[in-house]
Amino acid sequence: MYAKFHSIGAYVPSKVLSNADLEKMVDTSDEWIIKRTGIKERRIAAENEYTSDMAAKASELAIQRAGLAKEEIDLVVCATVTPDYFNMPATACIISDKLGIRNVQAFDISAACSGFVYALSVAKAFIESGMKKHVLIIGAEKFSSIVDYTDRTTCILFGDGAGAAVISATEDKSEAIIDIHASADGSYADFLVTPAPGAVHPASEQVLAQGLNFVQMKGNETFKLAVKTLTQDVKNILAHNNIDSKDIPHFVPHQANYRIIKAVGDALKMSDEQVVLTVHKYGNTSAASIPMAINDIYESGRLKKGELMLLDTFGGGLTWASGLMPFAGE
Ligand code: ACO
């Protein structure tokens, strides 16, 4: 039994936070943000709109586009670092309930921006082992809930959103996911961290006073490592499968920073047409970034059945992952 990338869906909140808006909040400029990141605007969820709400909307679309009844989903995996609750129940359980799917295995994955590709590797393994037939995987973030909007080094980068995919069993090898490489190096854990709440820093007045509930990032160090790791990771997965970068119609990198995407694309000799870009309009949506980008090319008619997608991502942990597969949806 093989696993295929069966369908895609996404949800984007309606509220836009533009660079001009940020200019009024912190000491920054539209020019600096565009030059250093390529980001023009990002979306922010409503106050009473949570990660599970966005995820459920993306999932509804993905399940419908797979032509399945919700009852046919037998595993729900949600990748997020902005769950509805730290630390239980899992957001995947809440999403399942919102979808009306009961008595189904459901759990979360915490791998920051690499979460969706990590979830894809889990879905592939469950299906290939024969344990599950239709796995709903989700990347969803309300990143605005952990961003300090007085910190110009992080608040310009992140946005909210959700993407979902159904990964299904197939006996047809030609539509199967070809390969996934996922890895981590915890010695860089302090590059990207939200210190609280957790066992190290349980919630307290002191934690709030010190802003330990907000994301902290060593931006420049992360940037350099991201370019190096992402490039090597893609070279490895292509070489491992004897595929040339020119034969990839859709390179879908994690949307963290245009300069990172451009550097990796250039190192792989990819043309602009091959590289999928959404960072200008959504910013960095962490685990949601890759499925939102796939949905973007799907909805614009660029992604056709059978065409190869190369996914590549890097994030907190530090974690990184790449995946190679044909799009097997209609
Ligand atoms: N506006 C104006 N100036 C700013 C801003 C801002 N918003 N932010 C920083 N600066 C200043 C700094 O203070 C610094 O000033 P100084 O030279 O006087 O000290 C200067 O700009 C340069 O700062 P750097 O941090 O060196 O800028 P850099 O070019 O590295 O860009 C950025 C910063 C955009 C954060 C970049 O480093 C980056 O994209 N990093 C990688 C992010 C990433 O890939 N993360 C992983 C995934 S995220 C996840 O897993 C959740």
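Each ligand, and each atom within it, is numbered from 1 in the order the structure gives. Only heavy atoms go into these numbers, but all of them, side chains included; no hydrogens, no water, no symmetry mates. Along the sequence shown, the residues carry numbers beginning at 1.
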Peer 1: Name the residue from Thr51, Val76, Thr82 that meets the side chain to side chain contact (heavy atoms under 4.5 Å, CB included) definition with Thr91.
Peer 2: Thr51

Peer 1: Numbering the atoms of ligand 1 from 1, which are under 4.0 Å from a heavy atom of Thr222?
Peer 2: 43 (C), 45 (N), 46 (C)

Peer 1: Relative to the heavy atoms of Thr37, which atoms of ligand 1 are at a distance of less than 4.0 Å?
Peer 2: 34 (C)

Peer 1: Can you find an N/O atom of Arg259 closer than 3.5 Å to an N/O atom of ligand 1?
Peer 2: yes

Peer 1: I'd like to check which ligand 1 atoms, numbered from 1 as shown, lie under 4.0 Å from a non-hydrogen atom of Leu192.
Peer 2: 46 (C), 48 (S), 49 (C), 50 (O)

Peer 1: What are the atoms of ligand 1, with element, lying closer than 4.0 Å to any heavy atom of Asn257?
Peer 2: 34 (C), 36 (C), 38 (C), 39 (O)

Peer 1: Counting from 1, what ligand 1 atoms have a heavy atom of Ala256 closer than 4.0 Å?
Peer 2: 44 (O)

Peer 1: So, is Gly316 polar-close to ligand 1, with some N/O to N/O distance under 3.5 Å?
Peer 2: yes

Peer 1: Are any of the N/O atoms on Gly219, whether in the backbone or the side chain, positioned under 3.5 angstrom from an N/O atom of ligand 1?
Peer 2: yes

Peer 1: Ligand 1 and Arg36, any nitrogen or oxygen pair closer than 3.5 angstrom?
Peer 2: yes

Peer 1: Of Ala226, Gly38, Cys113, which has the heavy atom at the shortest distance from atom 49 (C) of ligand 1?
Peer 2: Cys113

Peer 1: Mind checking whether His254 has an N or O less than 3.5 Å away from an N or O of ligand 1?
Peer 2: no

Peer 1: For Thr28 and ligand 1, does the shortest N/O to N/O distance drop below 3.5 Å?
Peer 2: yes

Peer 1: Any nitrogen or oxygen of Asn220, side chain or backbone, less than 3.5 Å from one on ligand 1?
Peer 2: yes

Peer 1: List ligand 1 atoms under 4.0 Å from Asn284, heavy atoms only on the residue side.
Peer 2: 47 (C), 48 (S)

Peer 1: Which of the atoms in ligand 1, numbered in the order shown and given with their element, are less than 4.0 Å from a heavy-atom of Ala112?
Peer 2: 50 (O)

